[in-house]
Structure formats: structure tokens, C-alpha cells
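Each ligand, and each atom within it, is numbered from 1 in the order the structure gives. Predicted model, so just to flag it, every value in this text is computed and none were measured.
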Amino acid sequence: MATNNNYKDFETLDPKDWKESKALMHQMVEDAFNYIENVRERKIWQEMPEAVLSSFSTPLPEHPSDAKTVYKALQETVLPYPMGNIHPRFWAWYMGNGTISGVMGDFWASILNPNLGGGNHAAHKVEEQVISWIKDIVKFPQSAGGLMVSGGSMANYTALAVARNAKAGYDVRKEGLKENNLVFYASTEIHSCNTKAIELLGLGTKGLKKIKVNHDYTINVEALKQQIQDDKNNGLRPICIIGSSGTVNTGAIDDLTTVANICEQENLWFHVDGAIGAIAMLSPKIKPLLKGIERADSVALDLHKWLHMPFEAGCVLIKDSVQHKSTFSLIPEYLEKNTRGIASGTDWFSEYGLQLSRRFRALKVWMSLKEHGSERFGRMITRNIEQAHYLGNCIANNNDLELLAPIGMDIVCFRYNPGGLTQEQLNTLNKEIKLQIEERAIALPGYTTLNGNYCIRCAISSHRVNTNDFDDFVSNVLDIGNEVLQNSD
Ligand SMILES: *Cc1c(COP(=O)(O)O)cnc(C)c1O
């Protein structure tokens with residue numbers, strides 16, 4: 001039998017011609033950096049034409065094609081139709097822009113391609129170090145447990161699972177839920193991922209009591225205390241309060257110190273959904289407003305929001321690492337550790353969360369923080385807050401514009417309101433303005449509804465945006481508002 005030792009003829013998924021492949025990669029790097037450098041020159045967003053849409057319904061490719069041809073398809077059908085969030089004028093939902101060192105980190109993460117489930121290798125140390133830095137940022141002790149996760153949703157889910165197991169008073173892992181009487185608390189402004197988490201934890205939506213908010217959209221602590229007492233009197237078991245350090249609608253920060261006090265008095269788990277605001281501990285302007293976060297039992301952070309990491313990057317911290325581990329650790333024989341070699345080490349990440357195989361998402365954070373330093377990230381956050389107030393002033397100083405909520409950190413909710421229109425008319429008008437701003441590729445503001453009023457919502461978490469962008473945006477809102485109004489007469 002002929003054995004073929006000629007590597008060139010041996011089929012693998014590596015390039016046949018490394019030289020050619022490298023040339024293509026160099027071209028891609030060149031194009032990629034130009035793509036970011038020139039982001040302002042392209043449309044922030046555009047609708048995909050039919051021809052492009054139909055290219056996404058071709059059948060499974062059975063046979064190889066040239067890598068250059070594949071790249072051409074990417075250039076023609078994907079690159080011109082971005083979501084828009086790397087553009088400075090993207091203010092929808094809540095997203096970051098990405099960083100170049102973040103891109104390089106993701107690139108090397110895929111080249112190295114380690115599995116962060118555990119093991120004795122450098123990537124594991126990198127993730128440990130990033131988690132350790134994040135503990136410092138939110139003033140958690142180094143003894144706390146921590147895990148990099150996909151984002152805020154998984155971070156909240158992981159923390160709430162630990163909260164449930166720690167406070168149930170019996171072994172939930174073994175017994176399941178004995179009685180369905182455990183209750184979590186949060187304000188009505190809480191992010192929906194917490195509701196989903198509590199449903200998945202077996203408590204149902206009724207397991208999350210939503211407490212009314214004050215005028216500034218922070219949790220009403222009197223109502224919170226009352227609800228806890230009522231629930232106890234009715235045989236329910238309060239176990240956890242979720243505080244917000246930046247709500248998704250308006251950026252409101254709950255009074256975390258008071259919530260911490262209530263948790264202490266009532267022996268409840270104190271969790272902070274810090275997806276937006278926890279990283280703002282880096283800004284001297286916001287840090288004092290977050291006082292009390294260091295007293296939390298757990299904090300969820302989102303690093304692909306205000307730390308600008310490329311998606312996905314979140315982090316959860318649990319102050320009591322033993323409770324963290326006992327919620328998730330399960331070691332079958334094929335995952336047993338050795339005292340030496342690749343399978344050694346005590347703290348495998350797979351014992352602290354749901355995932356076994358995990359990508360190397362810490363590398364982009366590690367490289368970005370090393371390159372820029374935490375203070376520069378803090379300055380970017382502070383500048384966004386100043387920009388939010390700049391935009392807020394433009395709105396407050398114009399008779400045809402109306403702020404609809406206090407500016408929470410970097411989130412501005414407003415509408416065009418020239419007077420004399422009903423709520424319904426204003427809602428329709430502002431929806432139209434927001435859509436035209438998008439379709440004319442002027443900017444991508446977000447939206448929400450507060451007390452029945454449709455708002456144009458700007459979450460200003462861009463390290464690329466400047467004040468001219470807001471001047472231009474405001475003048476376009478006024479022009480379009482006026483135009484739509486004229487045309488509807
Ligand atoms: C974005 C957000 C989440 C969810 O985070 P993902 O990264 O999108 O999973 C949770 N809470 C708040 C307050 C958020 O803004």
C-alpha cells in the first residue's frame with residue numbers, strides 16, 4: 001500500500017498555498033483598518049437591496065471555492081450593510097464601538113484557539129488577570145469569584161443562579177425547588193434579561209416583584225420595603241434585591257447604599273445589574289454615584305458596552321467564591337484534574353458557569369487595557385457624560401424640543417414637540433422623525449416609551465463621537481420634524 005507522506009497532497013483545512021493565503025490575509029488587514037479609519041465616510045446604515053438579500057439564500061456549498069472568491073462575497077454582501085455601531089453617530093440601544101487592540105485580541109484568540117474551560121496554559125492566566133482587574137475596578141476583594149461571559153444577560157443569569165442557591169435554605173441542586181415561594185425584587189425599570197433569568201431558574205415571572213420608581217426612575221425604597229414586609233406576611237420568601245447601576249431606558253442609578261442596607265437587615269442577596277454603569281467606576285464623575293456597589297454580593301458587567309470591547313464580552317463577579325463554585329461545579333471522571341501537566345490547576349472556569357468550552361474572550365480586554373490604561377477608558381466615559389449634557393442643553397434651549405427624563409449618565413430621552421399636539425400625534429410624529437433620521441443615514445438614535453410618551457433616546461457610548469455630531473443631529477431633527485408636520489397638514 002502506498003503511504004503518502006507528501007504533506008502537499010494530504011488533505012487538511014489549511015491553505016494549499018501558504019504564500020498566497022498570507023497575501024490575502026495582508027490585504028484583509030489593510031482593508032479592515034481602512035474600514036475602521038474611514039467609518040465616517042460610509043453610510044452609517046442602509047437597507048440591503050434584493051440582489052444582496054437573495055445571495056443569503058443560496059444552498060449549502062458542497063465543493064471548495066477560492067478563498068479570494070469568498071472574501072469578495074464578504075466585501076460585496078456584508079461589509080456595505082453594517083449594523084452601524086462602530087460609527088460615531090450610533091446611539092441606539094446600548095453598544096460600544098470596539099477597539100483596534102480588541103480586534104487584534106479577538107484575532108489572536110482565534111489563532112491560539114484555546115478552550116477556557118480550564119487547564120494549565122497562559123490563556124487561563126490572562127482571564128484570571130482580567131477578572132482580577134475588574135474586581136479592583138468595582139472595589140471587590142480579590143477573594144471574590146469571577147467569570148468572563150458572553151455579556152450582561154449571561155452575567156446576570158449566572159449571579160442570580162448563585163443568589164437562588166445561596167438563599168434557598170436547602171440544596172436546590174439536589175432537591176430542585178421544593179416550594180415555589182422564593183422572590184427577587186427590582187424596579188420596574190429592570191432589564192428584561194433578569195426576568196428571563198428568573199423564569200429559567202424555575203421561579204416564574206411571579207418570582208420577580210417589580211417595584212415602582214421615583215420621578216428620576218430610581219427604585220422607590222419605601223415601596224420596596226413595604227413589598228418585602230407584605231410578602232413575608234403572606235408566606236413568601238424574599239431572597240434577593242437587584243439594584244441597577246444604570247437602567248436601560250434612562251441610565252438611572254438606584255440608591256445602592258440604601259438597597260445594601262435593606263439587604264443586610266433582611267438577610268437578602270444584593271445583586272447589581274451593572275451592564276451599563278458598573279464600568280463607569282472608571283470615571284471620577286460617576287464613581288461617587290455608584291457608592292454601595294462594593295457592598296453587593298454580586299455584580300454583572302458588560303465590557304462590550306462602555307468598555308468598547310468587540311462583542312461578546314461580559315463579566316460576573318460573586319463576592320463569595322465558594323458559593324459561586326458550589327452552584328456550578330460538577331466534575332465527571334473525564335474532567336478530573338491532575339496535579340501536573342495540562343490538566344492541573346485548581347480553579348477551572350467551567351466550575352463557575354454553565355459553559356464547558358469557552359472562547360478566549362479575555363484576550364481583547366487584556367490587550368486593550370494594557371494598551372490604553374484604565375484612566376483613558378475613564379476619560380472616554382466622562383466625555384460621553386459631558387456630551388449627554390451638551391445634547392441635553394441643546395434640547396432644553398430649544399422651544400420645539402422637550403427632554404422626557406432626567407439625563408442618567410449618558411442617556412438622553414427627548415422628543416420634538418412644537419406644541420399643540422396630542423400625545424398620540426406626538427408619538428406618531430417622533431417615530432417618523434426617528435425613522436427618517438435612520439433612512440437618511442444621518443445618525444442611529446434609539447427609542448423607548450416613558451409614561452406613554454415615545455422618546456428618541458440617545459445612549460452616547462461612543463469613543464468616536466464629537467459635539468459637532470450632536471449639533472448636526474439636532475438641526476436635522478428640527479428640520480425633519482418641521483417637514484413632517486407641514487406635509488401632514
Ligand atoms: C444590555 C443590558 C443587559 C443585557 O446585556 P447583554 O450584553 O445584551 O446580554 C442587561 N442589563 C442592562 C441594564 C443592559 O443595559
Task: Aromatic plane relationship, Phe328 with His324 - under 30° parallel, 30 to 60° tilted, over 60° perpendicular - done: perpendicular
Table please: side-chain donor-acceptor pairs of residues 103-112 below 3.5 Å, with sequence neighbours left out.
{"from": "Asp106", "atom 1": "OD1", "to": "Arg359", "atom 2": "NH2", "distance (Å)": "3.1"}
{"from": "Asp106", "atom 1": "OD1", "to": "Lys364", "atom 2": "NZ", "distance (Å)": "3.3"}
{"from": "Asp106", "atom 1": "OD2", "to": "Lys364", "atom 2": "NZ", "distance (Å)": "3.4"}
{"from": "Ser110", "atom 1": "OG", "to": "Asp106", "atom 2": "O", "distance (Å)": "3.4"}

Quick check for students: name every N or O atom pair between ligand 1 and the protein closer than 3.5 Å, with distances.
{"from": "ligand 1", "atom 1": "5 (O)", "to": "Gly152", "atom 2": "N", "distance (Å)": "3.3"}
{"from": "ligand 1", "atom 1": "5 (O)", "to": "Ser153", "atom 2": "N", "distance (Å)": "3.4"}
{"from": "ligand 1", "atom 1": "5 (O)", "to": "Asp302", "atom 2": "OD2", "distance (Å)": "3.0"}
{"from": "ligand 1", "atom 1": "7 (O)", "to": "Gly152", "atom 2": "N", "distance (Å)": "2.8"}
{"from": "ligand 1", "atom 1": "7 (O)", "to": "Asp302", "atom 2": "OD1", "distance (Å)": "3.1"}
{"from": "ligand 1", "atom 1": "7 (O)", "to": "Asp302", "atom 2": "OD2", "distance (Å)": "2.7"}
{"from": "ligand 1", "atom 1": "7 (O)", "to": "His304", "atom 2": "NE2", "distance (Å)": "2.8"}
{"from": "ligand 1", "atom 1": "9 (O)", "to": "Gly152", "atom 2": "N", "distance (Å)": "3.4"}
{"from": "ligand 1", "atom 1": "9 (O)", "to": "Ser153", "atom 2": "N", "distance (Å)": "2.8"}
{"from": "ligand 1", "atom 1": "9 (O)", "to": "Ser153", "atom 2": "OG", "distance (Å)": "2.6"}
{"from": "ligand 1", "atom 1": "11 (N)", "to": "Asp273", "atom 2": "OD1", "distance (Å)": "3.2"}
{"from": "ligand 1", "atom 1": "11 (N)", "to": "Asp273", "atom 2": "OD2", "distance (Å)": "2.7"}
{"from": "ligand 1", "atom 1": "15 (O)", "to": "Lys305", "atom 2": "NZ", "distance (Å)": "2.7"}

Open item on the list: Would you compute the distance between atom CD1 of Ile395 and atom CG of Asn398 and round it to the nearest 0.5 angstrom?
Closed with: 9.0 Å
Open item on the list: Could you tell me if Asn384 and Gln387 have a donor-acceptor pair between their side chains, going purely by distance under 3.5 Å?
Closed with: yes
Task: Parallel, tilted or perpendicular: rings of Phe349 and His124 (30°, 60°) - done: parallel
Task: Test item: side-chain donor near acceptor, Asp231 and Tyr185, under 3.5 Å - done: yes
